[in-house]
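Comments concern the structure below.
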Amino acid sequence: MSGRLFVVGLGPGSAEQVTPQALAAVAEASEFYGYGPYLERLDLRPDQRRIASDNREELGRARAALESAAAGRDVCVVSGGDPGVFAMAAAICEAVEVGPDAWRQVDIRVVPGITAMLAVAARAGAPLGHDFCALSLSDNLKPWPVITARLKAAASCGFVIAIYNPISRSRPWQLGEALEILRAILTAETPVVFGRAVGRKDERFLVTSLAEADANMADMATCIIVGSLETRRIKRPGMPDLVYTPRFSKGLPA
Ligand code: SAH
């Protein structure tokens, strides 16, 4: 008999943002697969085992977890944020599609989590109050021209854009180029929110304008929200600006 495979989102970082459903799934599994720092966040019993892997080894990790669940164990694969957003749930599905028949009999349960852009948006006010999209800036899994075409299309038709995977050591120049593309379409005052490690001890949060936004303001733990032409910044005495996108739109820019 196959075991169960829980694909669990642990939220952006703080324990309060882990759902009761995620905690229940963790309590039921005996083996835990994931990127080391995510596994560290779990409070496990002595009978529960961690199997850590590098964050670039997602497909190998997915296969190992499926193999173990197919052999009858209850297994948990963990992601930060939501497992369906640029994370392990899709890797599991990719592995099942081309894998042995036995993997199709595994009881796969995806447990959602609070994704990074929602945690960042909540800190800022309501930048995602109107239409928005999410885009990974990583060109590891798609060609760079696809990314620039999507950025241009999204910005030109009024989407607020949440940018995941903005920069890393192996991708140092892409964010700078992305900001240049956006500056050619949007106004200089367009609000831009940088939320780093939101919900963790090393959290950093910054609201700026598109004119001032700089690639140095981000690292690989940052999620950036770029406003639309309708996103606004409200000044408040002694408090950070409130960033929001009104629920109504006046239409596309001329
Ligand atoms: N599944 C995750 C996203 C994985 S992609 C989720 O739903 O949040 C990794 C990217 O997520 C990072 O490069 C960063 O852009 C973003 N991210 C993850 N955790 C974050 C956090 N606590 N604060 C800000 N951004 C975060």
Side-chain angles (χ1 to χ4, degrees), residues 6-19 21-22 25 32-42 53-59 61-62 65 76-94 110-125 127-128 132-142 147 150-151 154 160-176 178-179 192-208 213 215-226 243:
F6 299 99
V7 193
V8 174
L10 295 177
S14 81
E16 290 137 47
Q17 290 180 341
V18 180
T19 68
Q21 191 187 11
F32 295 80
Y33 291 82
Y35 176 45
Y38 296 146
L39 292 178
E40 294 301 315
R41 283 167 55 187
L42 300 172
S53 44
D54 190 83
N55 62 355
R56 281 157 302 183
E57 290 166 11
E58 288 165 339
L59 204 53
R61 178 192 305 150
C76 188
V77 174
V78 296
S79 280
D82 180 273
V85 179
F86 308 126
M88 285 307 296
I92 298 280
C93 295
E94 289 163 25
V110 180
V111 180
I114 298 178
T115 187
M117 69 177 175
L118 299 185
V120 174
R123 289 280 277 104
L128 307 181
F132 64 89
C133 65
L135 188 101
S136 169
L137 216 62
S138 169
D139 54 358
N140 292 338
L141 299 170
K142 62 190 164 188
I147 299 175
R150 288 181 185 165
L151 264 180
V160 169
I161 308 172
I163 299 178
Y164 286 73
N165 296 309
I167 196 163
S168 74
R169 231 171 296 149
S170 59
R171 297 181 292 105
W173 55 264
Q174 284 84 341
L175 177 58
L179 290 171
V192 180
V193 179
F194 288 82
R196 178 188 186 276
V198 170
R200 302 183 211 145
K201 280 204 262 336
D202 48 347
E203 168 174 327
R204 246 186 6 235
F205 184 77
L206 171 74
V207 176
T208 185
N216 292 323
M217 295 169 177
D219 66 7
M220 61 182 285
T222 307
C223 180
I224 305 171
I225 298 179
V226 180
V243 179

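Just follow the structure's listing: the first ligand is 1, and inside any ligand the first atom is 1.
At under 3.5 Å, not a single nitrogen or oxygen of P166, backbone or side chain, sits near a nitrogen or oxygen of ligand 1. Annotation: I114 places no N or O atom under 3.5 Å from an N or O atom of ligand 1; distance criterion only. Of the N or O atoms in G13, none lie within a sub-3.5 Å distance of an N or O in ligand 1. Among the atoms of R196, none of the N or O lies under 3.5 angstrom from an N or O of ligand 1. Below 3.5 Å of separation, one finds no N or O of Y164 facing any N or O of ligand 1. Residue contacts with ligand 1: V120 is placed with no nitrogen or oxygen under 3.5 Å of a nitrogen or oxygen of the ligand (distance criterion only). Inclusion of M220 in the set of residues having an N or O under 3.5 Å from an N or O of ligand 1 is warranted. For ligand 1, the polar-atom distance check finds no N/O of S79 at less than 3.5 Å from any of the ligand's N/O atoms.
Remark: minimum distance from atom 2 (C) of ligand 1 to any protein heavy atom is reached at G80 O, 3.2 Å. The protein heavy atom nearest to atom 10 (C) of ligand 1 is N165 OD1, 3.6 Å. Nearest to atom 8 (O) of ligand 1 among the protein's heavy atoms is A116 N, 2.9 Å. What sits closest to atom 3 (C) of ligand 1 on the protein, heavy atoms only, is V85 O, 3.5 Å. Summary of contacts: the protein heavy atom closest to atom 23 (N) of ligand 1 is V198 N, 2.9 Å.
Considering only heavy atoms from C-beta on, Y35 stays 4.5 Å or farther from E57 through its side chain. Contact check for I224 versus L175: side-chain heavy atoms found under the 4.5 Å cut-off.
Atoms of ligand 1 found under 4.0 Å from any heavy atom of A221, numbered from 1 in the order shown, are 23 (N), 24 (C), 25 (N), 26 (C). Interface of T115 with ligand 1, defined as ligand atoms under 4.0 Å from a residue heavy atom, comprises 6 (C), 7 (O), 8 (O). The distance from ligand 1 to the heavy atoms of R200 drops below 4.0 Å at these ligand atoms: 19 (N), 20 (C), 21 (C), 22 (N). Remark: ligand 1 atoms within the under-4.0 Å shell around heavy atoms of F86 are 4 (C), 5 (S). Atom numbering of ligand 1 starts at 1 in the shown order; those under 4.0 Å from a heavy atom of G195 are 24 (C), 25 (N). With ligand atoms numbered from 1 in the order given, ligand 1 contributes 22 (N) to contacts under 4.0 Å with heavy atoms of P12. Numbered from 1 in the order shown, with element, the atoms of ligand 1 that lie under 4.0 Å from a heavy atom of T222 read 14 (C), 15 (O), 25 (N). Annotation for ligand 1: atoms under 4.0 Å from non-hydrogen atoms of A87 are 1 (N).
For the atom pair CD1 of I161 and CG of L137, the computed distance is 10.0 Å after rounding to the nearest 0.5 Å. Within the model, atoms SG of C76 and CZ of F32 stand 5.0 Å from one another, a figure rounded to the nearest 0.5 Å. Put simply, OG on S14 and CZ on R200 are 10.5 Å apart, with the number rounded to the nearest 0.5 Å.
With 3.5 Å as the limit, one finds a donor-acceptor pair spanning the side chains of Y164 and T115.
Residue P83 does not touch ligand 1, judged by heavy-atom distances below 4.0 Å.
For the pair E203 (side chain) and G199 (backbone), a donor-acceptor distance under 3.5 Å is present. Judged purely by atom type and a 3.5 angstrom limit, R61 uses its side chain to pair as donor or acceptor with the backbone of D54. Between the side chain of R41 and the main chain of L10, a donor-acceptor pair closer than 3.5 Å is present. Between the side chain of T19 and the backbone N or O of A22, at least one donor-acceptor pair lies under 3.5 Å. In terms of modelled atom types and a separation under 3.5 Å, the side chain of S79 and the main chain of D82 share no donor-acceptor contact.
Atom CZ of R150 has 12 or fewer heavy atoms from other residues, nucleotides or ligands within 6.0 Å.
Using a 4.0 Å cut-off between a side-chain N of Lys or Arg and a carboxylate O of Asp or Glu, R196 and D202 qualify as a salt bridge.
Taking a 4.0 Å cut-off on heavy atoms, A197 registers as neighbouring ligand 1.
Relative to the ring axis of F205, R123 places its NZ or CZ within 45° and under 6.0 Å from the centre.
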